[in-house]
Amino acid sequence: MSISQFSRAFAQNSKGGIDWIVVIDTSASMRGAGGTKNIFPQVKSSITQFVNTARLGDTVTIYNFDSDVTLQAQEITIRTNPDRGKLKQIINNLKADGIRTHTGKAVQYALKNSARLNQRPNAANRTVSIVFLTDGLEDIRGISNPVPIPQNNQLLREQQCKPYVFFVSLGQTEHEKQLNKFANHPALCGKGRVLRDPGGIRLNKLAHNIRPVLIKPQIDASLSAINLPPVLPGKTIKSIRINSISNVDTKVNLQLKDIEKSGVKLVSPSTVDLIANQAIAIPIKLQIPANTKGGIRKLRLVLQATNKAIAPQTIDLSLTIKPQLSVQPKKLDFGSVVTGKTSEIKTLVVRSTISGTASLKLQGNFQDVSLKQPSETVSLTVGETKIPVQFKASESSFEGKRIFNVVVTPDDPLATPLTTEAEIQVLIPLGRKIIFWSLLILLLLLIALTIICFIQRKTPWELLQDIRSRKHLEGELELIEPQPISPEEEYISLTHQQKPKVNLSALIPAIAATNCDAELIVNWQSGKKYVYIRVLEGVIFVNNEKITTYQLYDEDTIGLGNVKLRFNWLGNQRPYEPNSGLENF
């Protein structure tokens, strides 16, 4: 598991989870009223640092009291820094403006909250710690129905020795005897303390001083990875990490027990400092002797804390040591071979510390080249084994260089496959080359023609006609004004002109009297044919817009003086343009 997951799991499973109930005196004497020293800013600052020492999984409840008691924060769980920030804001907003010091009522509220916390389902794994911060004697003058400190003895007896109670006396004078008497009440079973901290200058160390009293010191450790990677003899392993966490500050000594006497040694570290509740990944280095045999070796790592109250932790390691094999040469050049023939024979030399069998396979760009020999598995011996290698090129091979790998795979599962690069040049006879390329070119042309016909949805003959008429005008002109004399004059086909360019005056005689003329021309853009009109003389309008050169679309109207034409070209409608007033249906 990851460090963060390991830390959270430890916080949840250890008995270090503490429910802090902090009760703060906010009477005016805390800020110097009546001639006392103003210690309240220092107290708030120290309590803020105290919040920083709370651990992940702890909860914090805050009360303030003077003549009455006010709940400021109810059981805020420390999970992230924003949780601490919320508590710090509450502390920062506290003001010491109260009159009187109703300590007994504050004790009552804290004990009732403690009783509620100890009734939760997970109460057995939690510890409640009540911390009172006050600078003076209890003062209940003028308070109706006051609750003196001794009145809470019955509540204390009902707690059954569960909460810890700490009174921190912040005043310059000795704390009152009532606090000491209450803290030493038999119902607390020795879990009460009265601490002196005049001015509140050591509150930041309060949690460090209290926590060891509340919890049993312990460490926890586990491997960061379940399966360790196999290693070779003579190597140093640096990839092992031990996830470790302690609920107290302590130094840990590390020792490696070589159960099978394999000679594996712990290089580092020998000692590690653990900070309370801070997860750490301990990098472990192990040295594998060069003469160690392959196989699985059992090891045991022992983490022994210098704090004798902490039980040692052991981690069993299963280390796989691989056998050593090598192959030479790293590259084989088999020269050239004609299709259908075999290559020359080259020799691979395998050096191994184990015996057994191995198989040869090709890997990569070998395609139409096959392994001629060895035709089956080969025997490996301890020491040096020579393996003859030969290839055959198939009859249907293409000419060109083949570069691929010859992989030698031992049958031992711990052994790593060995790889050698092989290079061979395949040649094709000249006669076969000529026939091959001729057929290939013809096939490519046929495929290209088929694809074009499919895309264009036309026969080859229709494509030929399209090529011939590629630069010819298409569509027709419809004479709208003046009214044509005969039906034959109403439509003039541009397609039948079979021209790339034509003057309108040459097609429609009525245009000659307008002193205007234009030409229609073909223009290709991005593989598509377009028809443009270009003014030769006079003023010409298209769709009531004066133009010089204009791209025509189906049903565009052309005005030349008193002559009005419509350009028709099916399938070439004007594309929709935003804000043009046109709509697509």
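- Not one N or O on the side chain of R84 forms a donor-acceptor pair closer than 3.5 Å with the backbone of N81.
- Residues that satisfy the side chain to side chain donor-acceptor pair (under 3.5 Å) test with Q89, not counting sequence neighbours, are N93.
- Residue K501 holds its NZ atom at 10.5 Å from CG of L473, rounded to the nearest 0.5 Å.
- Applying the disulfide bond (SG atoms under 2.5 Å apart) test to C453 and every residue at least two apart in sequence or in another chain returns nothing.
- At distances below 3.5 Å, at least one donor-acceptor pair connects side-chain atoms of K191 with backbone N or O atoms of C161.
- Closest of all the heavy-atom pairs between L266 and L254 is CD2-O, 3.8 Å.
- E344 pairs by the side chain to side chain donor-acceptor pair (under 3.5 Å) definition with nothing, not counting sequence neighbours.
- For the pair V128/K162, no side-chain contact is recorded, criterion being any heavy-atom separation below 4.5 Å from C-beta on.
- E474 is linked by a salt bridge (charged side-chain N to carboxylate O under 4.0 Å, His left out) to K529, counting only residues two or more places apart in sequence or in another chain.
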For L325 and V327: C-alpha separation, side-chain torsions, deciding distance, then whether side-chain contact (heavy atoms from CB on, under 4.5 Å) applies.
CA-CA 7 Å; L325 293 95; V327 62; over 6 Å; no

Determine all donor-acceptor pairs shorter than 3.5 Å in which one atom belongs to a side chain in residues 354-365; sequence neighbours excluded.
from: T357; atom 1: OG1; to: D411; atom 2: OD2; distance (Å): 3.0
from: N365; atom 1: OD1; to: Q367; atom 2: NE2; distance (Å): 2.8

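- Residues satisfying the side-chain contact (heavy atoms from CB on, under 4.5 Å) criterion with T80, sequence neighbours excluded, are P82, D83.
- Remark: L332 CG to I345 CD1 distance equals 12.5 Å, nearest 0.5 Å.
- The distance from the CG atom of D258 to the CG atom of L319 is 10.0 Å, given to the nearest 0.5 Å.
- Using a 4.5 Å cut-off on side-chain heavy atoms (C-beta onward), V350 and V378 make no contact.
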Side-chain atoms of residues 384-393: list all donor-acceptor pairs with protein atoms under 3.5 Å, sequence neighbours left out, distances to 0.1 Å.
from: E384; atom 1: OE1; to: R351; atom 2: NH2; distance (Å): 3.2
from: T385; atom 1: OG1; to: T381; atom 2: N; distance (Å): 3.1
from: T385; atom 1: OG1; to: T381; atom 2: OG1; distance (Å): 3.3
from: Q390; atom 1: OE1; to: Q373; atom 2: NE2; distance (Å): 3.3
from: Q390; atom 1: NE2; to: S343; atom 2: O; distance (Å): 2.7

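- Classified by interplanar angle (parallel below 30°, tilted 30° to 60°, perpendicular above 60°), the ring pair F166/Y164 is parallel.
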Test side-chain contact (heavy atoms from CB on, under 4.5 Å) applied to S114 and I130, step by step:
CA-CA 8 Å; S114 169; I130 305 172; 4.0 Å; yes

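- In summary, the side chains of T48 and S45 do not present any donor paired with an acceptor at a separation below 3.5 Å, with no hydrogens or angles considered.
- Within a 6.0 Å sphere centred on NZ of K261, heavy atoms belonging to other residues, nucleotides or ligands number 12 at most.
- Of the possible polar contacts, none joining the N523 side chain to the Y530 backbone as a donor-acceptor pair under 3.5 Å is found.
- When side chains are defined from C-beta on, E423 counts as touching K331, because their heavy atoms get closer than 4.5 Å.
- Applying the salt bridge (Lys or Arg N to Asp or Glu O under 4.0 Å) rule to pairs touching residues 363-383 yields D368-R402, sequence neighbours excluded.
- R79 pairs by the side chain to side chain donor-acceptor pair (under 3.5 Å) definition with nothing, not counting sequence neighbours.
- Applying the side chain to side chain donor-acceptor pair (under 3.5 Å) test to residues at least two apart or on different chains, the pairs with a partner in residues 266-276 are K251-D273.
- One N or O on the side chain of T420 and one on the backbone of P329 form a donor-acceptor pair closer than 3.5 Å.
- Scanning all heavy atoms of the two residues, the minimum distance from P312 to Q304 falls at CG-OE1, 3.0 Å.
- Considering CD1 of I321 and CG of L232, their distance stands at 9.5 Å, rounded to 0.5 Å.
- Expressed to the nearest 0.5 Å, how far CG of L87 lies from OG1 of T61 amounts to 9.0 Å.
- No more than 12 heavy atoms of other residues, nucleotides or ligands sit less than 6.0 Å from atom CZ of R300.
- Every residue meeting the side-chain contact (heavy atoms from CB on, under 4.5 Å) condition with E399, not counting sequence neighbours, appears here in chain and number order: L427, I428, K433.
- Between the T495 side chain and the G475 main chain, a donor and an acceptor come within less than 3.5 Å of each other.
- Take E421 and apply the side chain to side chain donor-acceptor pair (under 3.5 Å) test, not counting sequence neighbours, and it matches no residue.
- Between D412 and P323, the closest side-chain pair of non-hydrogen atoms falls below 4.5 Å.
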For L117 and I21: C-alpha separation, side-chain torsions, deciding distance, then whether side-chain contact (heavy atoms from CB on, under 4.5 Å) applies.
CA-CA 10 Å; L117 291 173; I21 301 176; 4.0 Å; yes

